[in-house]
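Quick note: numbers below take in every heavy atom, side chains included, and nothing from hydrogens, waters or symmetry partners.
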Amino acid sequence: MENEDSKTARLHDIQGEVTFEHVKFGYTPEKTIIHDFSAEVKPGQKIAIVGPTGAGKTTMVNLLMRFYETDSGEIRIDGIPVKDVPRTNVHAQFGMVLQDTWLFEGTIKENIIYSKEGVSDDDVIKACITVGLHHFIKTLPDGYDTVLNDKASLSEGQKQLMTIARAMILNAPLLILDEATSSVDTRTERMVQKAMNQLTEGRTSFVIAHRLSTIKDADLILVMKDGDVIESGTHRQLLAEGGFYADLYNSQFETKQMA
Ligand SMILES: Nc1ncnc2c1ncn2[C@@H]1O[C@H](COP(=O)(O)OP(=O)(O)OP(=O)(O)O)[C@@H](O)[C@H]1O
Ligand SMILES: [Mg+2]
């Protein structure tokens, strides 16, 4: 990791505007993954990134969070180039709900508060009511103080709801959601979806979506293939275009209809 002492720019109280300008990137110099990506995201917008496996969705998130540096072009948050900002300050702007939900050995409360300081019991309960976990937690013998370990575990759906509650508590201005693909039952899926919608409300959000049905309301959908954004627009616009997205959407819809 390079020394970042000379980086004087800071992100503070940001609105959540994100600009990608002619971003070019490859993990190795021989193989460019992102060729020329530009997009302008307004504060509070929901951006969906879709596309087949290996298309470059996670790579975009890696660049946004500065896990990697762009080869050329620029990413700006509220007009400030992220390359001028120390990494920790960039990371502090993001809440994340990732595919592989992770919890540590500790109480439910500790897992939800995670690294945030000054969180009251009331805040924790409020978040759990919002995601629909409160009643379940109340049925546990130790409630919010129940220790999660090999003996006391949670279902996949409950784990997802926990990480959403955690992101609510964190209350970061920017959000990255990597939609879970694990099969939870329909009712749980609806709960997770509802909780995710509450979380993205009024927050600039990047959603890596696997089921296209969940991102129909996105302000902008970026369709990626082989490292490039091949189509972009709203759900309606992309369907009307009748291109790659429309094919993808229709094929998912047909599978659902037949099942
Ligand atoms: N750390 C890495 N080093 C080298 N190449 C990588 C690395 N991570 C990903 N790639 C390559 O970059 C390309 C884009 O990968 P990426 O992980 O962004 O795809 P994705 O769209 O997120 O796919 P998935 O839907 O499977 O998660 C792929 O060709 C992949 O092999
Ligand atoms: Mg990925």
Side-chain angles (χ1 to χ4, degrees), residues 7 9-11 14-87 89-91 93-96 172-179 200 202-210 212 214-249:
K7 297 196 170 165
R10 293 289 182 278
L11 298 169
I14 63 165
Q15 297 295 309
E17 183 191 80
V18 180
T19 312
F20 298 85
E21 200 176 83
H22 297 295
V23 170
K24 185 176 166 219
F25 171 77
Y27 290 97
T28 57
E30 305 83 60
K31 192 173 175 241
T32 302
I33 305 276
I34 310 285
H35 291 90
D36 182 5
F37 176 69
S38 297
E40 216 157 293
V41 180
K42 295 192 192 76
Q45 283 194 328
K46 179 169 157 182
I47 312 305
I49 309 175
V50 306
T53 184
K57 304 182 295 293
T58 301
T59 304
M60 290 300 297
V61 168
N62 285 343
L63 289 173
L64 185 56
M65 296 203 64
R66 264 195 74 224
F67 288 127
Y68 294 89
E69 308 284 350
T70 57
D71 294 332
S72 65
E74 198 165 74
I75 299 173
R76 293 189 291 271
I77 297 178
D78 275 24
I80 299 172
V82 292
K83 66 171 188 304
D84 297 341
V85 180
R87 245 184 215 87
N89 185 220
V90 177
H91 294 173
Q93 310 308 314
F94 287 92
M96 298 184 92
L174 303 173
L175 189 68
I176 291 171
L177 296 172
D178 203 343
E179 199 180 66
T200 54
R203 224 185 286 269
T204 309
S205 313
F206 296 85
V207 183
I208 297 179
H210 302 278
L212 302 183
T214 62
I215 47 109
K216 276 196 250 179
D217 66 333
D219 297 293
L220 179 66
I221 299 172
L222 304 174
V223 186
M224 297 194 72
K225 188 168 177 282
D226 303 327
D228 271 318
V229 177
I230 55 165
E231 293 173 11
S232 67
T234 62
H235 176 74
R236 212 181 261 250
Q237 288 164 347
L238 292 172
L239 275 195
E241 263 173 41
F244 189 74
Y245 178 87
D247 283 349
L248 212 62
Y249 181 76

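Under the rule for a side chain to side chain donor-acceptor pair (under 3.5 Å), the partners of Glu74 that lie at least two apart in sequence or sit in another chain are Arg76, Lys83. Thr200 meets the side chain to side chain donor-acceptor pair (under 3.5 Å) test with no other residue; sequence neighbours excluded. In this structure Phe37 satisfies the ring pair (Phe, Tyr, Trp, His ring centres under 6.0 Å) test together with Phe20, sequence neighbours excluded. With sequence neighbours excluded, the residues forming a side chain to side chain donor-acceptor pair (under 3.5 Å) with Asp228 are His35, listed by chain and number.
Residues in residues 216-240 take part in these ring pair (Phe, Tyr, Trp, His ring centres under 6.0 Å) pairs, two or more places apart or across chains: His235-Tyr245, His235-Tyr249. Legend: salt bridge (charged side-chain N to carboxylate O under 4.0 Å, His left out) pairs involving residues 28-39, not counting sequence neighbours: none detected.
Between Met96 and Leu175 the shortest heavy-atom distance is N-CD1, 4.5 Å. In this structure, Phe94 and Ala172 approach most closely via the heavy-atom pair C-CB, 3.6 Å. Listed here is the closest heavy atom pair of Val18 and Thr204: CG2-CG2, 4.4 Å. Summarising the geometry of Ile49 relative to Met224, their closest heavy-atom pair is CG2-SD, 3.7 Å, with the distance given to 0.1 Å.
With no hydrogens or angles considered, a side-chain donor-acceptor pair links Tyr27 and Thr59 at under 3.5 Å.
Partner of His210 under the side chain to side chain contact (heavy atoms under 4.5 Å, CB included) criterion, out of Val50, Asp178, Ile215: Asp178 alone.
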